Amino acid sequence: MEEKKTLFSAVQPSGVMTLGNYLGAIKNWKSMIDDYDCIYSIADLHTLTVKQVPADLRAHTYELAALYIACGLDPEKCVLFVQSHVPAHAELTWILNTMTYPGELQRMTQFKDKSLKHADNVNMGLMDYPVLMAADILLYNTEVVPVGIDQKQHLEIARDLAVRFNNRYSETFKVPEPYIGKVGAKIMSLQDPTKKMSKSDENANAFISLDDDRDAIIRKFRRAVTDSDGRIIAAEDKPGITNLLSIYGAVTGKTIAEAEKEFEGKGYGDFKSAVGETVADLIGPIREEKDRILKDKEFLDGVFRSGAEKAERIANKTLAKVYRKVGLVQRMR
Ligand code: ATP
Ligand code: LTN
């Protein structure tokens with residue numbers, strides 16, 4: 001049998017996932033499980049780059065795991081683990097840090113945005129975020145990384161570091177490719193459709209959380225900021241309507257053109273309600289399943305344990321190879 005390619009991705013447990021995270025990332029992950037060796041992580045070390053309430057971080061980690069499984073990521077069919085449970089991630093980050101230049105990290109859009117947003121806590125970890133992400137990916141000989149469009153720049157760093165290491169020490173890492181879905185790669189805020197929908201937005205009306213109930217979802221869509229032109233078409237000067245059309249398309253599998261046709265002649269009110277209903281139908285069952293799984297902490301701890309064991313086996317092999325190549329003396333057992 002032909003060997004499957006390895007796929008790696010992760011989400012930070014920085015809050016409850018949004019519709020943006022789902023449509024931009026997780027939805028694609030499920031459909032790739034049969035075709036790739038899939039490794040999905042909960043990037044808790046990344047989350048520490050902005051201030052966290054410790055108890056909330058712990059709760060969000062279990063929540064995200066339950067959500068992964070509720071979204072169809074069967075832990076029997078993929079490796080599902082918590083990043084901090086596999087020390088090799090932090091260890092490879094150190095080695096990669098010695099070959100990364102501050103300028104490469106300072107020009108990252110996310111670093112600039114988050115530095116402004118968290119001006120009281122611009123720490124080394126925030127700047128080093130893409131190097132830890134590169135370590136995540138490179139430890140597993142990953143070939144494909146499904147992410148939303150906002151992560152493309154970070155993936156470039158991972159590629160550059162892989163090539164740099166290979167050139168300096170001989171072929172070691174595979175050079176990973178991003179996989180960015182055709183629809184839903186960038187879902188915008190419902191309150192400011194020129195900004196991406198983000199789970200850390202201080203205005204809860206700006207995002208749909210996968211924890212929102214039916215009423216909240218429909219209310220948020222009814223309040224979504226649009227324009228006053230009245231036509232339901234996608235256009236550059238109509239970011240609000242365009243965003244709603246692409247959400248509708250991503251959820252139903254219809255193209256934007258098909259969605260435009262469906263709502264031709266309808267008013268914005270009806271259109272917004274229809275999008276809200278469709279999204280509520282999608283999220284309701286996922287939320288219920290997540291809540292059911294979340295009650296069983298023992299099950300989740302078991303998933304974490306076996307996930308970390310499987311991940312560690314691959315990661316430690318890569319790390320040992322890296323340590324050897326850079327000239328560190330092997331520890332005797
Ligand atoms: P935070 O608000 O804490 O920065 P976030 O909501 O941006 O977090 P991440 O955990 O950084 O979410 O991202 C998880 C995945 O979801 C990534 O693959 C990212 O590209 C994708 N993603 C995040 N926001 C969107 C969005 N609005 N549309 C599409 N994909 C998104
Ligand atoms: N930075 C990513 C989360 C993440 C990730 C990764 C994604 C951490 N490590 C490795 C892909 C591969 C984000 O989506 N904000």
Side-chain angles (χ1 to χ4, degrees), residues 6-29 38-52 56-57 60-61 63-64 67-68 71 81-84 86 89-90 92-93 108-111 113-115 117-118 125-126 128-140 142-159 161 176-204 206-210 243 246-247 250 311 315:
T6 300
L7 178 153
F8 184 100
S9 201
V11 173
Q12 303 180 67
S14 51
V16 179
M17 271 213 291
T18 68
L19 181 65
N21 300 137
Y22 179 77
L23 295 176
I26 312 280
K27 186 168 170 268
N28 297 324
W29 296 7
C38 293
I39 305 177
Y40 295 125
S41 184
I42 296 178
D44 55 348
L45 295 174
H46 276 105
T47 307
L48 294 174
T49 58
V50 307
K51 274 188 199 138
Q52 300 293 326
D56 291 353
L57 174 57
H60 287 145
T61 301
E63 266 223 24
L64 188 55
L67 207 47
Y68 275 4
C71 288
F81 77 103
V82 179
Q83 185 187 35
S84 65
V86 180
H89 290 249
L92 180 60
T93 301
M108 292 289 108
T109 310
Q110 180 181 297
F111 174 64
D113 288 351
K114 294 212 168 174
S115 298
K117 208 166 149 197
H118 306 279
L126 191 61
D128 207 32
Y129 183 112
V131 181
L132 177 58
M133 182 162 158
D136 294 345
I137 297 167
L138 300 181
L139 276 174
Y140 299 94
T142 305
E143 290 183 71
V144 184
V145 185
V147 280
I149 234 161
D150 60 308
Q151 296 299 315
K152 198 167 170 227
Q153 221 185 13
H154 292 163
L155 217 79
E156 277 306 317
I157 297 243
R159 290 168 56 84
L161 287 173
E177 297 281 347
Y179 172 90
I180 294 168
K182 282 183 206 67
V183 285
K186 195 168 187 187
I187 302 297
M188 310 310 279
S189 153
L190 297 182
Q191 290 296 312
D192 176 359
T194 60
K195 257 177 40 189
K196 107 172 169 153
M197 182 182 284
S198 166
K199 57 172 121 65
S200 48
D201 202 308
E202 56 277 354
N203 181 355
F207 58 86
I208 301 291
S209 139
L210 294 196
N243 188 36
S246 57
I247 291 174

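Whatever order the structure lists them in is the order used to number ligands and atoms, beginning at 1. Note that the coordinates shown come from a computational prediction; the quantities given were computed from them, not determined experimentally. Computation of the quantities below employed the complete heavy-atom set of this structure, encompassing side-chain atoms and omitting hydrogens, waters and symmetry-equivalent molecules.
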Exercise for review: For atom 3 (C) of ligand 2, find the nearest protein heavy atom and state the residue, atom name and distance (0.1 Å precision).
Suggested key: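 Of the protein heavy atoms, Ala10 O, 3.4 Å lies nearest.
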Check your understanding: Does ligand 1 have any atom sitting under 4.0 Å from a heavy atom of Leu23?
Key ->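 Leu23 does not count as a contact of ligand 1 under the 4.0 Å cut-off.
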Check your understanding: Please state which protein non-hydrogen atom is closest to atom 30 (N) of ligand 1 and give its distance, to 0.1 Å?
Key ->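 For atom 30 (N) of ligand 1, the nearest protein heavy atom is Gly20 O, 3.2 Å.
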Check your understanding: Which one holds for Val147 and ligand 2: side chain close, backbone close, both close, or neither close, with close meaning a heavy atom under 4.0 Å?
Key ->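 For Val147, the contact with ligand 2 is made by the side chain alone.
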**Study point:** No-hydrogen, no-angle side-chain donor-acceptor test under 3.5 Å, Asp136 and Gln83
**Key:**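 Yes, because at least one side-chain N or O of Asp136 sits under 3.5 Å from a partner of the opposite role on Gln83.
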Practice item. Please could you name the atoms of ligand 1 that Val11 approaches to less than 4.0 Å, counting only its heavy atoms? Key: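 Result: 10 (O), 14 (C).
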Review point. If you count the atoms of ligand 1 from 1 in the order shown, which ones are under 4.0 Å from a heavy atom of Gly148?
Key: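 That gives atoms 18 (O), 19 (C), 20 (O) of ligand 1.
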Review point. Hey, which atoms in ligand 1 end up nearer than 4.0 Å to a heavy atom of Met197?
Key: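 Answer for ligand 1: 24 (N), 26 (C), 27 (N).
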Exercise for review: Check if Gln110 has a non-hydrogen atom at a distance under 4.0 Å from any atom of ligand 1.
Suggested key: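 Outside the 4.0 Å threshold, so no.
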Check your understanding: Has the side chain of Tyr68 got a donor or acceptor atom that lies under 3.5 Å from a matching backbone atom of Ile26?
Key ->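 Absent.
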Practice item. Give yes or no for whether the N/O distance cutoff of 3.5 Å, strictly under, is met between Ser9 and ligand 2. Key: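 Such a contact does not occur with ligand 2.
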Review point. At a 4.0 Å threshold, what atoms of ligand 2 neighbour a non-hydrogen atom of Gln151?
Key: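 Ligand 2 atoms under the 4.0 Å threshold to Gln151: 1 (N), 2 (C), 13 (C), 14 (O), 15 (N).
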**Study point:** Residue and atom name of the nearest protein heavy atom (relative to atom 1 (N) of ligand 2), distance in Å to one decimal
**Key:**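 Residue, atom and distance for the closest contact: Tyr129 OH, 2.6 Å.
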Practice item. Give the residue, atom name and distance (to 0.1 Å) of the protein heavy atom nearest atom 1 (P) of ligand 1. Key: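 For atom 1 (P) of ligand 1, the nearest protein heavy atom is Ser200 OG, 3.5 Å.
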Check your understanding: Should the pair Phe8 and His89 be assigned to parallel (<30°), tilted (30 to 60°) or perpendicular (>60°) ring geometry?
Key ->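 The arrangement is tilted - the two ring planes meet at 30° to 60°.
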Point to revise | Ligand-residue contact atoms, ligand 2 with Gln12, heavy atoms, under 4.0 Å | key: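 Listed by number with element, the hits are 15 (N).
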**Study point:** Residue Val145 vicinity, atoms of ligand 2 by number, heavy atom under 4.0 Å
**Key:**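 Answer for ligand 2: 11 (C), 12 (C).
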Point to revise | Proximity to ligand 1 by part of Val147, non-hydrogen separation under 4.0 Å | key: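 Both parts.
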Review point. With a 4.0 Å heavy-atom cut-off (strictly under), which part of Met188 contacts ligand 1: side chain, backbone, both or neither?
Key: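 Neither; no heavy atom under 4.0 Å.
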Point to revise | Side-chain (Lys27) to main-chain (Ala250) donor-acceptor, under 3.5 angstrom | key: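 Here the side-chain-to-backbone pair exists.
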Check your understanding: What is the nearest protein non-hydrogen atom to atom 23 (C) of ligand 1, stated with its residue, atom name and distance?
Key ->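 Ranking protein heavy atoms by distance from atom 23 (C) of ligand 1, first comes Asn21 ND2, 3.1 Å.
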Exercise for review: Starting from atom 10 (C) of ligand 2, find the nearest protein heavy-atom neighbour and note its residue, name and distance.
Suggested key: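 Of the protein heavy atoms, Phe8 CE2, 3.5 Å lies nearest.
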Check your understanding: For ligand 1, which atoms have a heavy atom of Gly24 less than 4.0 angstrom away?
Key ->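 Taking each heavy atom of Gly24 in turn, ligand 1 has 29 (C), 30 (N) under 4.0 Å.
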Point to revise | Protein heavy atom at shortest distance from atom 9 (N) of ligand 2 | key: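 Going atom by atom, the protein heavy atom closest to atom 9 (N) of ligand 2 ends up being Asp136 OD2, 2.7 Å.
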Practice item. Can you pull out the closest protein heavy atom to atom 28 (N) of ligand 1? Residue, atom name and distance to 0.1 Å, please. Key: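 Going by distance alone, atom 28 (N) of ligand 1 is nearest to Ile187 N, 2.8 Å.
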Exercise for review: Give the residue and atom name of whichever protein heavy atom lies nearest to atom 11 (O) of ligand 1, and the separation in Å to one decimal.
Suggested key: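 For atom 11 (O) of ligand 1, the nearest protein heavy atom comes out as Gln12 NE2, 3.3 Å.
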Review point. Should you measure from each heavy atom of Ala25, which atoms of ligand 1 turn up under 4.0 Å away?
Key: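 Counting from 1, the qualifying ligand atoms are 15 (C), 16 (O), 18 (O).
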Review point. Can you tell which part of Leu155 has a heavy atom less than 4.0 Å from ligand 2: side chain, backbone, both or neither?
Key: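 Neither part.
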Review point. Where is the nearest protein heavy atom to atom 3 (O) of ligand 1: which residue, which atom, and how far?
Key: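 Among all protein heavy atoms, the one nearest atom 3 (O) of ligand 1 is Ser14 OG, 2.9 Å.
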Point to revise | Numbered atoms of ligand 2 (with element) below 4.0 Å of Ala43, judged on heavy atoms | key: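 Ligand 2 atoms under the 4.0 Å threshold to Ala43: 8 (C).
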Point to revise | Contact partition for His154 relative to ligand 2, non-hydrogen atoms under 4.0 Å | key: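 No part of His154 comes within reach of ligand 2.
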Check your understanding: Considering only protein heavy atoms, which is closest to atom 5 (P) of ligand 1, and at what distance to one decimal place?
Key ->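 Checking every protein heavy atom, the shortest distance to atom 5 (P) of ligand 1 gives Lys199 NZ, 3.7 Å.
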Review point. At under 4.0 Å between heavy atoms, which part of His46 makes contact with ligand 2: side chain, backbone, both or neither?
Key: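 Answer for His46: side chain.
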Check your understanding: At a 4.0 Å threshold, what atoms of ligand 1 neighbour a non-hydrogen atom of Gln151?
Key ->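 Answer for ligand 1: 20 (O).
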**Study point:** Residue of the set Gln151, Glu156, Lys152 for which side-chain hydrogen bond (donor to acceptor under 3.5 Å, both in side chains) holds with His154
**Key:**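 Going through Gln151, Glu156, Lys152 one by one, the side-chain hydrogen bond (donor to acceptor under 3.5 Å, both in side chains) with His154 is satisfied by Gln151 alone.
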Review point. What protein heavy atom is closest to atom 7 (O) of ligand 1, reported as residue, atom name and distance in Å?
Key: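 Minimum-distance protein heavy atom for atom 7 (O) of ligand 1 reads Lys196 NZ, 2.5 Å.
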**Study point:** For ligand 2, the portion of Ile137 having any non-hydrogen atom under 4.0 Å away
**Key:**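 The side chain, only.
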